[in-house]
Each structure stands twice: as structure tokens, then as C-alpha cells.
Amino acid sequence: MAEVTAGTAPEKKKKRGRPSAVRLLMNNTLAAGGLVVLCLVILLALAAPLLPLPNPDVTAPANRLQPLFAEGHLLGTDALGRDILSRLIWGTRVSLAVGISATLIAAFFGSLIGLVAGYAGGRVDNLMMRGIDMIMAFPYILLALAIVAALGPGLLNALYAIAVVNIPFFARNIRGITVGLSRREFVDAARLSGKSNAQILFMEILPNVLPVIIITMSTTIGWMILETAGLSFLGLGAQPPQADLGSMLGDGRKILFTAPHVSIVPGLMIFVLVMSINLLGDGVRDVLDPRLKSGALSRPVARTAVTRTNVPDVRPKTGTTLDMQGLKTEFHVGGDIYKAVGGVDLKLKQGECLGLVGESGSGKSVTAMSIMGLVPTPPGRIVDGVALLEGDDLFSMTDEQVRQLRGSVVSHVFQDPLSTLHPLFTVGDQLVEAIQAHQPLSSADAQKKAADLLAMVRIPNPAERLKAYPHELSGGMRQRVCIAMALANDARMIIADEPTTALDVTVQAQVLSLLATLRKEHNVAILFITHDFGVVSAICDRVAVMYAGKIVETGTTDEILSAPAHPYTSRLIACVPVLGEPGRRLDAIEGRPPVVNNLPEGCAFAARCPKAQPDCRSGEIPLAEMSEGRAVRCLYPETKEPIDA
Amino acid sequence: MPEALLEITDAERRFGGGRTLFGKSLPAVHAVQGVALDVKKGETMGVVGESGCGKSTLARLIVGLDKPTGGTIRFDGTDLVAEAKADPRKLARKVQYVFQDPVASLNPRKTIRTILEAPLIHLRGFDGQKREERLRELMEAVNLAPEFLDRYPHEFSGGQAQRIGIARALAADPDMIVLDEPVSALDVSVQAQVLNILDRLKDEFGLTYIFISHDLSVVESVSDRVAVMYFGRIVEIGPAKEVFARPRHPYTHLLLNSAPVPGRKSLIPEDTNTELPDPYNPPPGCSFFARCPRGTDVCKTAFPPLDQTDGNENHRAACYHPHGDD
Ligand SMILES: Nc1ncnc2c1ncn2[C@@H]1O[C@H](COP(=O)(O)OP(=O)(O)OP(=O)(O)O)[C@@H](O)[C@H]1O
Ligand code: SF4
Ligand code: SF4
Ligand SMILES: [Mg+2]
């Protein structure tokens with residue numbers, strides 16, 4: 001075996017489009033502002049012993065209730081004549097220390113409980129979580145009060161109380177995550193590597209839970225400071241003469257109307273502190289939460305942006321359902337441009353089935369989704385090409401026109417039927433909705449048509465099945481429902497993206513026969529995306545093979561399978577095991593396809609091609625026609641010379 | 001004839017069941033039922049079947065990730081499943097596992113070095129120097145550059161990640177590796193790379209494989225013998241060549257006729273019933289009856305024993321009216 005792969009590096013860890021966590025955080029103005037303010041406050045609090053502040057606890061009755069900006073007392077003095085500025089800074093120090101310690105304690109014990117309960121499961125989990133539920137059953141502040149009442153007032157006891165009432169919050173969050181992680185395959189793998197339960201829990205699972213713990217901490221610490229202040233305000237926390245923000249507030253309460261600044265100053269500080277922490281916390285959460293990171297929050301627009309600079313002039317031909325030429329679709333992520341589709345031509349005649357074949361990432365799905373503008377923008381955009389649907393350019397239509405076509409003239413069938421079907425509505429409701437979206441039918445008529453559609457896709461007892469929810473149907477049944485939906489409005493073209501890949505072989509065989517029959521009956525064109533040459537044989541008339549965003553070969557199914565012309569096609573066919581030929585040697589194609597944000601000059605397959613010559617590595621290799629309907633993008637094809645290479 | 005490395009007798013795994021606090025009995029599902037299987041040293045035993053037929057459950061029973069609710073699983077004559085309660089590492093030194101999803105089976109926060117070191121430390125007790133040597137050998141065995149040791153799983157493609165999964169299994173120096181759909185998540189070109197590596201490693205390290213897949217052509221190309229599973233049971237077992245050339249069980253027949261083959265145009269008729277029986281309410285007798293074109297009344301009486309032979313003791317089917325008898 002050639003040692004080729006030993007040399008190929010894994011995806012370079014170069015500065016990709018994805019910015020670092022810190023940069024992401026700084027991009028969030030609110031969070032960055034929060035961080036700056038918080039840092040200032042913390043610095044101030046830390047510097048308290050160094051600052052030329054009067055002793056915060058020394059009373060001076062003669063000097064009581066000085067106003068703001070009084071001589072020697074910038075923020076005035078309180079009812080006992082103590083300097084408010086000094087008390088504020090020392091008090092902030094105490095409040096911060098208590099808030100942070102309480103958070104750390106709650107995080108430690110809460111996470112520990114969550115980790116153990118989630119990992120152990122069963123009875124242990126039940127016991128621990130019922131205990132947590134009991135704590136949560138008490139109103140929050142009441143429980144804290146009860147704890148302080150039991151332990152006696154004092155800052156340390158308030159700290160314990162706040163920590164204890166927050167433990168359930170951590171425990172529940174962390175348990176949820178741990179339950180999910182414990183069922184993951186890497187945990188099984190660690191077990192088989194001989195690791196003990198404790199090693200798995202703390203060395204395998206904990207590192208994956210850590211971001212969640214940090215998120216939870218950053219979003220609770222503000223609350224904890226507030227709660228500590230609350231207890232001190234009630235006189236249960238810091239005991240006189242010690243200052244903390246809550247007790248200062250409490251002291252000011254009695255003289256709120258005569259000397260409002262005594263309570264407003266600590267009140268403002270609490271506000272600033274908690275606000276800055278919460279803003280920062282939200283920012284941290286957004287950065288660390290993978291769901292938010294993946295851009296789930298930036299809603300893509302309803303249709304792919306088209307940014308063609310020039311519109312190629314293509315004359316429509318009759319009898320052609322789809323005529324797509326020079327399609328280029330790109331993804332702009334960070335500073336990188338992923339040329340997912342780099343100039344694809346597809347022609348689909350009425351009632352024809354064209355197979356689009358290629359390996360993962362070759363751009364099959366993006367090609368298919370570009371047709372009806374289903375590629376998410378951002379980051380995707382169509383930068384070149386035309387797609388004539390029965391003569392009209394889809395890329396220059398209005399959004400409304402395209403919306404009208406979707407689900408009627410052109411419909412889609414996807415790999416996972418569950419992503420098309422809504423889990424909470426019955427199959428019948430969804431079919432009726434699909435019908436009524438494009439046809440002005442009464443409910444009763446639509447209902448009847450829905451039943452007919454189910455009968456058409458050979459679902460037994462259709463009238464009954466209309467009342468079924470998607471989860472009540474088997475995978476094969478669900479895919480039939482999707483096909484029925486695709487045909488609900490007399491589609492002229494179906495775009496099927498790996499519609500049978502997730503199905504069992506026996507079910508796949510049926511769905512394929514069904515599609516083949518329906519295609520003939522309804523004279524509908526099918527663009528069939530798959531990676532399986534066996535499936536291609538079963539249903540496709542013609543095949544287009546894709547590699548790195550380009551069609552490298554096209555022709556009839558028989559031609560391509562029996563005499564592949566492109567070296568990639570022939571290598572690909574050679575490495576598929578074929579049923580009934582167990583002795584066949586599998587000649588693997590060493591190496592991997594190029595990444596589409598960094599395509600090589602010339603032929604994209606050159607690095608893996610045994611026939612590569614120097615001239616393969618420069619210029620654009622054209623898709624040269626070999627005979628009617630047969631073309632190959634190669635300078636040295638396996639079979640006869642191209643006509644006009 | 002080489003001795004059996006693995007002997008499974010009457011293995012059963014039931015999920016659910018038992019009673020609630022109030023004595024109401026809970027529904028139970030048999031994921032694996034009455035499975036008997038011998039695997040000889042050095043052979044590749046293929047296991048095929050469709051989703052939900054119990055392939056993965058069986059695999060997890062063999063490597064000790066799950067415990068059977070009945071029956072025994074013996075390695076070299078010792079009941080390791082029983083012993084695994086006391087010392088799971090003993091079993092892990094004998095048999096290892098390769099997962100279907102190569103990326104999910106690697107902890108995203110660990111380097112490849114840490115991942116591969118775990119079995120060397122916990123199962124082999126290697127010290128620093130020896131470990132380093134072994135790590136290099138392992139990477140070489142699966143065709144990866146040693147530089148990759150300090151990278152993280154997300155930097156690898158599926159094929160590379162699967163080779164790391166194989167290296168981890170090899171690190172324990174096992175006699176047997178259970179491969180649970182090891183190439184299903186991979187592209188065909190990468191699939192061939194991995195299959196070729198597996199083939200080479202088998203000779204190099206004298207391994208025995210249990211190769212589980214739903215892809216008939218892959219199983220046919222790697223297996224010496226195959227077992228076909230349906231609804232938790234083995235319905236046909238025999239030398240791979242025989243089973244694929246002359247399937248006896250109607251289900252095997254259906255599977256082979258349904259598989260897409262390059263160049264084959266005709267497919268099975270679209271109105272064939274493909275519904276599996278309700279696992280909570282299994283039919284009496286043969287579980288394939290509702291889908292079987294050959295079924296008769298006798299099929300409804302009891303599950304057919306796996307003893308129908310065609311003269312060849314090694315090729316057996318669990319069917320009252322197997323193909324080839326008429
Ligand atoms: N939303 C997106 N943002 C950025 N890049 C994307 C996005 N969607 C697809 N791509 C990139 O476009 C390229 C083509 O992807 P595509 O999904 O079309 O491949 P495919 O041939 O359908 O593969 P598969 O067989 O895995 O479905 C890939 O390199 C992929 O990374
Ligand atoms: S153009 Fe050259 S490198 Fe590309 S496939 Fe043809 S022979 Fe190989
Ligand atoms: S036992 Fe009867 S029902 Fe079962 S597979 Fe054989 S013929 Fe069919
Ligand atoms: Mg795709």
C-alpha cells in the first residue's frame with residue numbers, strides 16, 4: 001500500500017474565517033463595554049488598601065450626613081459621619097468577594113452533583129435530583145432566609161445561604177449536559193480503553209462540560225451579588241460596622257428622604273456592577289454556546305442572493321425542463337471564499353432522470369439548492385450563471401415568482417423526511433396545506449386529493465393514514481409522504497437530494513421503483529443526487545459526476561458505468577465493492593479532494609491522478625464534448641480522444 | 001479446524017420489562033434473542049441486517065459495553081462477560097471495538113496522543129519510553145504521519161478519524177476486533193482505503209474480525225462467513241460465498257434482490273411489504289411471516305430453529321420452507 005496519505009496533512013489549523021473567542025467577544029459592543037466597566041470596578045476594589053481613603057468604619061458624629069462633594073468627602077458621609085466613598089469602595093470589595101465566592105462554591109458543588117447524577121443515571125440520579133427538587137420547591141429568598149436564620153446572621157453565613165440556594169441551578173444544568181455526553185461514543189471508547197468511571201467522568205466528560213459551567217457562572221454571578229446585597233439589606237449579611245453594598249443600602253433606607261445620596265450611591269454601584277457582569281455574561285454565553293456560534297441566530301434571507309455581474313445570454317430550447325449553465329455558488333465565511341460550485345452546466349429534458357454523483361463535499365447539494373435559491377444567504381451567494389426553467393431564468397425572477405414555483409412546478413425531496421414533515425401536524429394536514437398553497441380547492445376537495453396522493457404513493461388505507469403523525473410512520477412511509485407532497489401540485493421537476501440514503505435496502509428498493517414509475521406516469525423530470533452507483537443504475541438515464549465543485553464527466557448511465565472516461569470516475573467506480581463480485585480488488589484513491597477555498601490551478605484531481613502530466617496543472621481544463629451528450633473534463637481521458645480538446 | 005475464539009450461546013438482551021412501583025408489568029423488547037454464534041480464530045465473521053435488527057446490540061454485548069439478560073459469551077472458553085463485572089479490563093485486552101461514527105468516537109477536547117495513550121496506560125501498563133515507541137508503530141500501522149499525534153480530532157477527515165479509531169483498538173493488542181459499521185459514514189474512495197488497511201492489519205496482527213454492516217456488498221467483500229439477522233435473531237448463517245450465491249432464507253433473498261448494484265436496472269416490486277413487526281407485540285412463530293411470499297400455516301406456530309441445511313452443515317437457515325428445497 002502506498003504511503004501517500006501519510007504525507008497529506010489534516011486540515012491546516014490556519015487562521016480560518018472563524019475568529020477567536022476573544023475577538024468574537026470584543027465584537028459584541030455591549031459585552032465589551034460590560035467587561036471594561038467590570039474591570040474598572042474590580043481594579044478600584046482591589047486597590048482599596050492603596051488608595052488614600054479614610055477608614056470606612058470610623059464614625060464621626062460631628063460630620064454626619066455631609067452632602068455630595070463636601071470638603072474631604074467626595075461622596076459625602078452617612079448617618080454616623082463615615083466617608084461614603086471609602087465605604088463604597090470597601091463595600092464593593094466585600095460584595096464582589098462574597099458574590100464570587102458564593103458562585104464558586106455553588107458552581108463546584110452544583111456541577112459535582114450534576115456530573116455524578118448525570119453520569120451514574122438510574123437510582124443515584126433519581127435520589128440526587130429529587131433532593132435538588134426539594135431545595136427548589138422552596139421560594140428562593142425564603143430558603144436563604146431560613147438558612148441564615150438557622151446559622152445566625154453574618155456575612156459568611158449569608159455567603160453559604162446564597163451558595164446553597166444556587167446549587168440546584170448548576171446541578172440541573174450540568175446534569176442535562178452530562179446525560180447527553182455520557183451516551184456519546186467517545187465515552188464508550190474510553191471505557192474500552194480501560195478507563196475507570198472516575199477517570200471517564202473527570203478526564204473525558206468534565207472538559208466538555210467546562211464551557212457550560214463557565215456560561216452558567218457568568219450568568220449567575222450578577223444575581224448572587226444582588227442576593228447577597230438583599231440579605232445584607234435585611235440586616236442578615238454584613239454586620240455593623242463592616243460595609244457591603246447591601247448593608248449601606250439598608251443604612252440609607254431610614255433617611256431616604258432627608259439624605260437620598262446615602263442610599264442612591266450604593267444603589268447605583270449595585271446597578272453598575274450587576275449590569276456590567278450580566279452584559280459580559282451574555283456575551284460570554286454567545287461566544288461559548290456552539291448553537292449560537294454556528295450562526296443559528298443570524299436568520300438567513302428567504303432566497304439566495306444573486307450577485308451576477310453579467311447575465312449569460314442563453315436561448316431557451318423546447319422540451320428542456322431545466323437548462324442551467326455556468327452556475328457558480330460561493331460561500332463567504334470570514335475572509336475566505338469557498339467556491340462550492342465552480343461553473344456547473346446541467347440539462348434536464350422532460351421526464352428525464354439525471355443523476356448527480358460525487359463524494360461528500362463535491363458540491364452536489366449546493367448545486368441542487370442553488371436552483372430554487374435555497375442556499376442560505378449569508379454566507380452563500382450565486383455569483384454567475386443562468387438557470388432556465390422551461391425557458392425562464394430562475395435567477396432573475398422576483399422572490400414572489402420563485403416562491404410560487406417552489407412546491408408546485410419544482411419540488412424537493414430530501415434525505416431526511418423528518419426535516420420536511422412537521423412533527424406536530426398530521427400527515428393529512430400537511431398535505432392539505434401543501435395543496436391549498438397552490439390550488440384554490442375547498443377543504444373537502446383538498447382532503448380527497450390528499451388521500452388520492454397517498455394512494456398514488458402506495459400507502460395502504462390512505463384515508464386512515466391521513467390522520468397519522470409523522471412519528472407514527474416508518475422511515476419508508478415518511479419518505480413516500482414526502483414524495484406525495486412533492487407531486488401534490490403537478491410538479492414538472494423534482495429535485496431529490498439523496499432521498500433513499502437513510503433508508504434500509506429493501507425500503508430503498510421500493511422507494512426507487514415508486515419514483516421510477518411515478519416519473520413515467522407524470523412525465524416529470526428528476527434531478528437525483530446520490531453517491532451510490534448502484535442507485536444510479538436503478539433509476540437514472542444520464543449521469544453527471546461532480547468533483548470539487550465542477551462536473552468532470554457526463555453521459556448516459558450505461559456509458560459512464562461501462563466506459564468511464566475521466567480518471568476520477570473510473571477510479572471511483574473501481575473502489576466500490578460490487579455485490580456478487582467479492583474477489584474484486586478495491587483500488588482505493590489515495591489522498592483527499594482539495595478544499596474548495598483553496599483550489600489548485602488546472603485540474604482539481606491532478607494531485608490524486610495517476611495520469612497527471614505537467615500541463616494538467618495549469619489553466620482551465622474545459623469540459624470537452626466526446627459525442628452527443630457525452631463530455632469529459634480531462635486532457636488525457638481513459639477512452640477515445642475528445643473531439644475538440 | 002481452528003478452535004473457536006468466541007462462542008456465543010443463546011444470547012439475549014431484553015430492554016424494558018420488569019414492573020413499576022405499583023406492580024404493573026412494563027413492556028419489554030427483545031433486541032437480541034436466542035443468538036448462537038461461533039467465531040474461529042483468524043476469520044472474519046460478517047453480520048448483516050437492516051436497521052433495528054439488533055446488530056449493534058449484539059456488538060455491544062460482545063465487547064462488554066452492555067450486559068446480556070440471558071445466555072453466555074465466552075472467549076477461549078472463559079466467560080468473560082461474567083468476569084467483566086470484577087475486571088472489565090481483562091475483556092478489553094481480548095476484544096476491542098471500532099465505532100460507526102469515527103468523529104463522535106474521539107473526545108473533541110483530547111489530542112490524538114492522549115486518546116491513543118489511554119489503552120497503552122490502562123490496559124498494557126506501558127511506561128513513557130515504550131509508549132512513545134508503540135504510538136509511532138500504531139500510527140504507522142494505519143498510515144498516518146506521527147506529526148498528527150498532537151492534533152485534535154476536528155482537524156481530521158472522516159477517513160483519517162476512522163483510522164485513529166482503528167489504531168486505538170489495536171493499541172490494546174486484542175485478539176478480536178468488533179467493527180460496527182466501520183465504513184458506513186465514509187465516502188466510497190475513503191471506504192476502500194479503510195477496508196484495505198483493515199485487511200492488511202488482520203494478517204499483520206493475526207486478528208479476528210466481527211464485521212457488522214448493512215451494506216451487503218461490503219460484507220461480501222470482507223467476510224469469510226456471514227450471519228444474517230432479522231428482528232433480533234440470526235435467520236441464516238454460513239460461508240459468505242454460499243450465502244450470497246445460494247441464499248436459503250426468504251429474507252436473505254429479499255435483501256440480495258433489493259441491493260442496488262451498478263449495472264442492475266430491475267428492482268423488487270414496489271408493493272412488497274417492508275414493515276417490521278411490532279417489537280412490543282411480536283408475532284408468534286416466524287417474525288418474517290407478514291412479509292414472506294413462501295409462508296404457510298406452520299410458520300405461524302413457532303419460530304423456526306436455525307437448523308435447515310442444504311447438505312452442508314455450515315450453511316443453516318431458520319425457515320420451514322427455505323429456498324433451494326424446491
Ligand atoms: N452554509 C454553508 N456555509 C459554508 N460553506 C458551505 C455551506 N454549505 C455548504 N458549504 C460548502 O460547500 C461545499 C459543497 O457542499 P455540498 O453540501 O454541496 O456537498 P455534497 O456534494 O452535497 O456533499 P454530501 O455528499 O456530503 O451531501 C463544501 O465544501 C461545504 O463545506
Ligand atoms: S486532466 Fe490530467 S490530472 Fe486531471 S484527470 Fe485528466 S489526466 Fe488526470
Ligand atoms: S419460516 Fe415460513 S414465514 Fe418464515 S421465512 Fe420461512 S417460509 Fe417465510
Ligand atoms: Mg449533500
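First the proteins, then the strands, lettered A, B, ... as listed; each starts at 1. Just so you know, these numbers come straight off a predicted model, no measurement behind them. Quick note: numbers below take in every heavy atom, side chains included, and nothing from hydrogens, waters or symmetry partners.
For A:E581, the part sitting under 4.5 Å from any heavy atom of chain B is the backbone (N, CA, C, O) and nothing else. Contact annotation for B:A118: both backbone and side-chain heavy atoms come within less than 4.5 Å of a heavy atom of chain A. For a residue to count as touching a neighbouring chain, one of its non-hydrogen atoms must lie under 4.5 Å from one of that chain's; by this rule B:R93 does not touch chain A. Residue B:L106 touches chain A through its backbone alone, counting heavy-atom pairs closer than 4.5 Å. Residue contact with chain A, scored on non-hydrogen atoms closer than 4.5 Å, is absent for B:L120. For A:V578, the parts lying under 4.5 angstrom from a heavy atom of chain B are both the backbone and the side chain. Of the two parts of B:Q191, only the side chain, counted from C-beta on, holds a non-hydrogen atom closer than 4.5 Å to a non-hydrogen atom of chain A. Only the side chain of A:M477 comes within less than 4.5 Å of a heavy atom of chain B; its backbone N, CA, C and O stay farther away. Using a 4.5 Å cut-off between heavy atoms, B:Q96 contacts chain A through its side chain alone, with no backbone atom that close.
With no hydrogens or angles considered, no side-chain donor-acceptor pair links A:E185 and B:S105 at under 3.5 Å.
Within 6.0 Å of the CZ atom in A:R465, the count of heavy atoms belonging to other residues, nucleotides or ligands does not exceed 12. At most 12 heavy atoms of other shown residues, nucleotides or ligands fall within 6.0 angstrom of atom NZ in B:K241.
Per-residue heavy-atom pair counts under 4.5 Å with chain A were compared for B:L123, B:V219, B:V194, B:N107, and the maximum is reached by B:N107. For the set A:I589, A:V511, A:V187, A:D532, the entry with the most heavy-atom pairs within less than 4.5 Å of chain B is A:I589. Between chain B and the residues A:S562, A:P460, A:P577, A:S196, the largest count of heavy-atom pairs under 4.5 Å involves A:P577.
Proximity of B:Q162 to B:V183: side-chain heavy atoms (C-beta onward) are nowhere separated by under 4.5 Å. Residues B:L201 and B:I166 meet the side-chain proximity criterion, which asks for heavy atoms closer than 4.5 Å.
Judged as a ring-ring contact (aromatic ring centres under 6.0 Å, His included), and not counting sequence neighbours, the contacts of B:Y251 are B:Y230, B:F288.
For the side chain to side chain donor-acceptor pair (under 3.5 Å) with A:Y547, the qualifying choice from A:H566, A:R608, A:E359 is A:R608, the only one to do so.
Listed by first and then second residue, the salt bridge (charged side-chain N to carboxylate O under 4.0 Å, His left out) pairs that reach into residues 504-518 of chain A come to none, sequence neighbours excluded.
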